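Here is the structure we will look at, set down as C-alpha cells.
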Amino acid sequence: MAENQLGQQYMILPEGASRLIGKEAQRTNIAVGYAVASIVRTTLGPKGMDKMLVSELGDLVITNDGATILEEMNVEHPIAKILVDVAKTQDKEVGDGTTSAVIMAGDLLRNAGQLLDQGVPPAAIIKGYEMAQERSKSFLKEAANSISINDEKKLLEIASVSIGSKNVGSDQTKKYLTTLALKAIQQVAENVNGKVVIDKDFIKLEKKEGGAVENTEFINGVLIDKEISHPGMPKQVKNAQIALLDVALEIEKTEVDAKIEITSPDQMQAFLNQEEKMLKDMVQKIVASKANVVFIQKGIDDVAQHYLAKAGIMAVRRVKKSDIEKLAKATSARLVTSLDDLSQKDLGFAGQVEERKVGGEQMVFVEKCKDPKSVTIFVRAGTKQAADEVERALTDVIGSLSSTVEDGKYVTGGGSTEVEMAMKLRDYATDVGGREQLAISAFADALEVIPKTLAESAGMDPIDTLVQLRSKHKTRDGKTYGVDVFKNVIGDMDRLGIIEPLKVKSQAISSATEAAASILRIDDMISSKGKGGAGGPPGGMPPGGGMED
Ligand code: ADP
Ligand code: MG
C-alpha cells in the first residue's frame, strides 16, 4: 500500500503480495541461503551422515549426495532455488563436489552478512569476493599436479575419495565399483586433436534391483532394457551383424479417416494379401542386408515379426533414441532412416547379442563389442534405494574421473587445499587493502568451512583443528596437510592418497561465488505469491536466526 499526495491510498502490488526492501531483503536472503547450506553440511566427507527424504507420494530416497538432497526437497523459496542451482551446475559441469560448493556459498553469504552489519556496502563485498575468486583459482592451478589417463594408481585414489563419502558397501565393494568406473572411462576416452575427451553420456548406467552390489558388472557394449519382440526369434546371436533402423515395420495408417470400399470377400483377401506382401518386402530388405539383429526405434507389425523370426533375425522394437545412439557408438552401425538405403555397409558388430532374464525381466545384452566407444555399467543392489545410491555414487566417480582425465590435473583433498588458499588469500588481502580487504578475508574464512566441517564430522574440535592446520601450512612440508578423518588428526593428504580433481575444486569456487554475489545484489524482493515467496526462510526460521558458528 502506498499513499499519493492527497493522502489517498492505492495499491501497487496485487493482494497477497509481499515485498522486502534493502537491508531487510539482504538479511532475509542471507539467512535463507545459509539455512539451505546447513541442511547438507552434515553429509560432507566420508564421515558425513545420510539424509532420508520422503516425497508427497511416499517415495523414499536415502542419500548422501548434496545435489540429490536439494533437488528432492522441492524448495519453494527463490533464494533457496539459487542454492539448488549451485548444486545442479556443479553436478552438470564436473559431476562431484556439490556439497562443498553449496556449503561454501552458505558461508560466503553468512560472512557477507557480518560485513554488511559493519557497514561495508554490498558492492564492495561482491568486488572483494570476485577478486578473491580469481586469486584462488590461480593459486589452485599453481598447486595442481599433472596426471594422465594411464596413471591408474592415482586415478583409483581419486575415484576412491569420490566414492568414499557414499554409503554403498564395504571398502572392498567400493574399490570394485571404482575399478569398473575407471575401466569405463578408459574405454570411452577418445583423442580429439591431441586432447583426451570423455563423453559421459556414453557410459550408460543401467540398474535393476535384486542381487548384491558386488554383482554390478561392466558390459563392453550396451544393455537395453527391452525384450526381443517375438518368441520365435533367436535368444542369442553370436558375431552379430546389427542394423539400427528409424523406420516403422508397419503399414502406415493414413492421417485422414480414409474409407476403402470392399464389396466382396475376394477383395478383402486381396487387400490383406497386399498388406502382407508389403511387410514381407520390408523384411526382405533387412534379410538382403545380411543383418541378423535389428534394433528399431519404431514399431514392428505382427506379420513383420513373423517373417523376421522365420529368417532367424533377432529384433527389438521401440528402442529409445538415446539407446540407438549408444548402440551406434558401440557397434559402429549407422542409423538408417529408409529401408531402401539399408546395406551391409551400415551394419555394426557385436561379439554377442543375448536376451537374459534379470530380476524377473528380460533384457538384451549387446556385448563383446570391438573397442566400443560406448559402454554400460549394470548396477545391482538388494533394494531400489540402494541401487539408486550406487548409481549416484558411480555418477560422482565417473564425473570426478572424467574431469581429472580431461583436465590432466589434481590437487590434495581433506581441506588441505582450502587451508592453503585461505592463507595465501589473507596475504593478498593485506596487499589490496581498503574495504575489499575485508571481503577477501571473509572469502578466505569461507574456504575454511571445508576443513572445519570435515573435522566436525569426525568428532574433532573444528577450531582447534583449523589452528593446527594453519600453523602446519606455514612450515615447509605443510602445504598438503588436511584432516585425516579416520585417525582424527591432521595428516599429509598427498601421502594418504586423498586427492581430487582440480576442476571439481575450481568449479565449486566459481559456482559458490557466483551464487553468493547474485544473492547479495538483490535489494528488493517482490513476491506476488501469497506464500512461500519473499516472506521468510523455509522451515519458519526467523530472518537472521540459525547463524551461529
Ligand atoms: P562433495 O559433494 O562436495 O563431493 P563429499 O561428501 O563427497 O562432498 O565430500 C568431499 C570432501 O571430503 C572433500 O573435501 C574431500 O577432500 C573430503 N574427503 C573425502 N575423503 C576423505 C578422506 N578419506 N579423508 C579426508 N577428507 C576426505
Ligand atoms: Mg564427493
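For the single chain, residues carry numbers from 1 onward in sequence order. Note that the structure is predicted; figures quoted are calculated from it, not measured. Whatever order the structure lists ligands and atoms in, that order sets their numbers, starting from 1.
Of the N and O atoms on the side chains of Thr173 and Glu214, at least one donor lies less than 3.5 Å from an acceptor on the other residue. Side-chain polar atoms of Lys51 and Thr42 form a donor-acceptor pair below 3.5 angstrom. Judged by distance alone, the side chains of Asp50 and Asn167 do bring a donor and an acceptor atom under 3.5 Å apart.
For the pair Gly414 and ligand 1, the shortest N or O to N or O distance falls below 3.5 Å. Between Glu500 and ligand 1, at least one pair of N/O atoms sits closer than 3.5 Å.
Against a heavy-atom cut-off of under 4.0 Å, Ser165 is close to the following atoms of ligand 1: 5 (P), 6 (O), 7 (O). Which parts of ligand 1 touch Ile450 is read off a 4.0 Å heavy-atom cut-off, strictly below it: atoms 14 (O). Ligand 1 places these atoms under 4.0 Å from at least one heavy atom of Thr99: 1 (P), 2 (O), 3 (O), 8 (O). Of all atoms in ligand 1, listed by their number and element, those nearer than 4.0 Å to a heavy atom of Gly413 are 16 (O). The contact set between ligand 1 and Asp96, taken as ligand atoms under 4.0 Å from a residue heavy atom, comprises 4 (O).
Contacts of Thr98 with ligand 1, taken as heavy-atom pairs under 4.0 Å, involve both backbone and side chain. Proximity of Val483 to ligand 1, defined as any heavy-atom pair under 4.0 Å, is confined to the backbone N, CA, C and O atoms.
Between the Mg ion (ligand 2) and the N, O or S atoms of Asp96, the shortest distance is to OD1.
The heavy atom nearest to atom 21 (C) of ligand 1, out of those in Ala101, Ser100, Pro46, is found in Pro46. Distances from atom 24 (N) of ligand 1 to the heavy atoms of Ile499, Val485, Val102, Leu44 put Val485 nearest.
For residue Asp65, no N/O/S atom approaches the Mg ion (ligand 2) to within less than 2.8 Å.
In terms of protein heavy-atom proximity, atom 9 (O) of ligand 1 is closest to Gly45 N, 3.1 Å.
Lys384 has a carboxylate O that lies under 4.0 Å from a charged side-chain N of Asp388, or vice versa, which qualifies the two as a salt bridge.
Residue contacts with ligand 1: Gly48 is excluded, as none of its non-hydrogen atoms falls under 4.0 Å.
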